[in-house]
Amino acid sequence: MSYNKSKKLFNEAQKYIPAGVNSPVRAFRGVGGTPLFIQKGAGPYLWDADGNRYVDFCASWGPLIMGHAPAGLVGKLRKDIVRGTSYGAPTAAEAELALQLSKLFPSIEKCRLVSSGTEAVMSAVRLARGFTGRQKILKIDGGYHGHVDSLLIKAGSGGATFGTPDSAGIPKELAKLTLTIPFNDVQALEAVFKKEGKSIAAFILEPVPANMGVVLPARGYLQKARAITKRYGSLLIFDEVITGCRLSAGGAQQFFSVKPDLTTLGKIIGGGFPLAAFGGSQKIMDYLAPLGPVYQAGTLSGNPVAVSASLWMLSKIKPKSFHAGLNRKAQLFFKKLQGIIDRHQYPVRLNTVGSMFTLFFTPSPVTDYASAKKADTQKYARFFHACLKQGLYTAPSQFEANFVSAAHSGQLLNQSLRKIQKALTYTF
Ligand SMILES: *Cc1c(COP(=O)(O)O)cnc(C)c1O
């Protein structure tokens with residue numbers, strides 16, 4: 001395999017773009033080597049600039065639950081795009097999309113469309129502060145909610161990868177208003193509410209943290225989060241930018257039967273376009289301008305092309321059979337992978353839920369950020385490059401989720417298993 005063209009493109013890009021990339025983890029700093037410059041994607045595959053083909057388990061970090069460039073979507077967009085790409089005025093399709101989202105997520109009576117997960121979270125946090133009249137925000141150690149100032153405190157994703165969970169450039173006065181607790185720790189949750197509960201506007205968490213690698217909520221933890229926020233009059237925000245439409249059509253809140261006050265969505269609902277949303281009860285959402293005092297806006301919010309892609313995506317994932325089939329296929333793949341790990345006694349931990357997974361290079365259980373950080377990132381880097389050489393593209397960092405999509409066939413997953421086994425043999 002040659003990476004010459006990617007190397008050349010990377011050298012050129014670094015002259016004009018910091019680290020040559022528009023989002024830090026893409027630079028491969030977590031695993032070393034040259035980031036692959038991508039030429040095209042189709043179904044389960046990616047091709048780099050040198051013409052190498054990969055089975056894609058990164059899926060653009062989550063959105064591509066139907067694989068790359070699905071024919072139905074491309075055909076629909078070809079027809080729609082000729083009517084214009086942005087109007088800055090409302091369209092029927094936006095209301096249709098909001099209706100579809102409220103059908104999938106009963107906690108969402110009303111929502112606003114925005115252009116990125118970061119923007120959805122930023123808006124939800126401002127709304128929570130405005131609605132409650134409180135200033136403090138509670139988050140999880142290693143939880144990632146986009147690059148929102150208030151939430152780049154003990155943050156996962158790139159923060160975990162580069163060991164910079166607290167970003168420079170955030171005023172101390174603002175950082176002081178963000179409280180953090182370890183995930184799955186009920187005592188810490190009770191203690192922080194006992195001490196600060198009356199000043200906490202919202203507790204925001206990924207119901208399944210996926211930006212420190214995939215970590216499962218302990219039984220009853222999400223229910224506890226629901227009960228305690230209610231008791232103290234704080235809002236519960238589920239950041240479902242990854243889990244929304246991934247674990248089930250109605251996200252983690254449907255999967256675990258817990259109803260948050262506000263939900264943020266992104267990734268899958270954009271159908272591969274920059275579209276995200278935040279929503280909740282009518283009472284809270286009507287606090288937004290121009291009805292209420294909390295300002296929020298966007299030039300490209302509800303962009304017609306992105307909305308068209310979103311409606312197509314929701315129509316595909318809506319039938320119950322979709323997630324039943326996807327999760328069954330993925331869980332069979334994970335079971336076989338666990339079988340390989342057990343047979344060879346590899347010192348790794350496979351965390352999975354639905355069609356999401358992370359292979360942690362540590363023998364001990366991973367239940368929170370502290371246990372995730374025990375993973376051997378050098379071993380992961382070795383494994384990552386061994387996968388790449390065999391044509392498997394996984395997330396270029398230990399602290400990220402990987403995804404099985406509807407485009408991965410059972411046969412392709414079995415072929416991939418043999419390659420993963422080889423990569424594990426090479427790693428250890
Ligand atoms: C990706 C992600 C975000 C940020 O979304 P962007 O579209 O990258 O701004 C927020 N929250 C979670 C849980 C995410 O995984």
Side-chain angles (χ1 to χ4, degrees), residues 21-27 58-65 105 112-126 128 137 139-161 165 167 178 180 183 202-217 222 225 236-247 251-253 255-256 260 262-279 296 298 300-301 303 306 309-310 313 353-358 369 372 395-397 399-403:
V21 293
N22 282 311
S23 196
V25 186
R26 293 182 196 170
C58 183
S60 187
W61 307 89
L64 304 182
I65 198 167
F105 295 83
R112 275 259 168 94
L113 303 177
V114 293
S115 303
S116 72
T118 296
E119 205 186 340
V121 171
M122 178 185 77
S123 307
V125 164
R126 185 185 308 131
I137 300 292
K139 76 179 283 287
I140 294 288
D141 294 345
Y144 179 71
H145 307 286
H147 58 106
V148 176
D149 280 357
S150 280
L151 301 175
L152 279 180
I153 317 285
K154 295 198 184 176
S157 191
T161 305
S167 172
T178 302
T180 72
F183 188 57
F203 177 24
I204 181 167
L205 75 165
E206 308 169 65
V208 177
N211 287 286
M212 49 175 118
V214 173
V215 176
L216 298 180
L222 298 176
L236 179 64
I237 306 177
F238 274 2
D239 182 353
E240 296 228 43
V241 170
I242 284 191
T243 53
C245 303
R246 169 60 67 178
L247 294 187
Q253 51 196 271
F255 198 84
F256 294 108
L262 287 173
T263 300
T264 53
L265 298 167
K267 297 197 169 113
I268 290 177
I269 68 159
F273 282 80
L275 180 146
F278 66 103
Q296 185 273 335
L300 293 176
S301 291
N303 172 271
S310 181
M313 184 62 100
V353 59
S355 55
M356 304 162 51
F357 68 106
T358 298
Y369 193 42
S397 164
F399 306 108
E400 301 286 352
N402 290 281
F403 304 93

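Remember, it's 1-based here, ligands and their atoms both numbered in the order they're listed.
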**Request:** Output the set of protein residues with a heavy-atom contact under 4.0 Å to ligand 1, ordered first by chain identifier and then by residue number.
**Result:** Ser116, Gly117, Thr118, Tyr144, His145, Gly146, Glu206, Asn211, Asp239, Val241, Ile242, Lys267
**Asked** What is the minimum heavy-atom distance between Ile269 and Cys245, and which atoms define it?
**Response** CG2-SG, 3.7 Å
**Message:** Looking at every heavy atom in both Ile140 and Met212, which two are closest together, and how far apart are they?
**Reply:** CG2-CE, 4.1 Å
Donor-acceptor contact present, side-chain [X] to main-chain [Y], <3.5 Å:
X: Lys139; Y: Thr178; answer: no
X: Thr118; Y: Gly146; answer: no
X: Arg246; Y: Gly62; answer: yes

**Prompt:** Among side-chain atoms of Gln296 and Arg126, is any donor-acceptor pair under 3.5 angstrom?
**Reply:** no
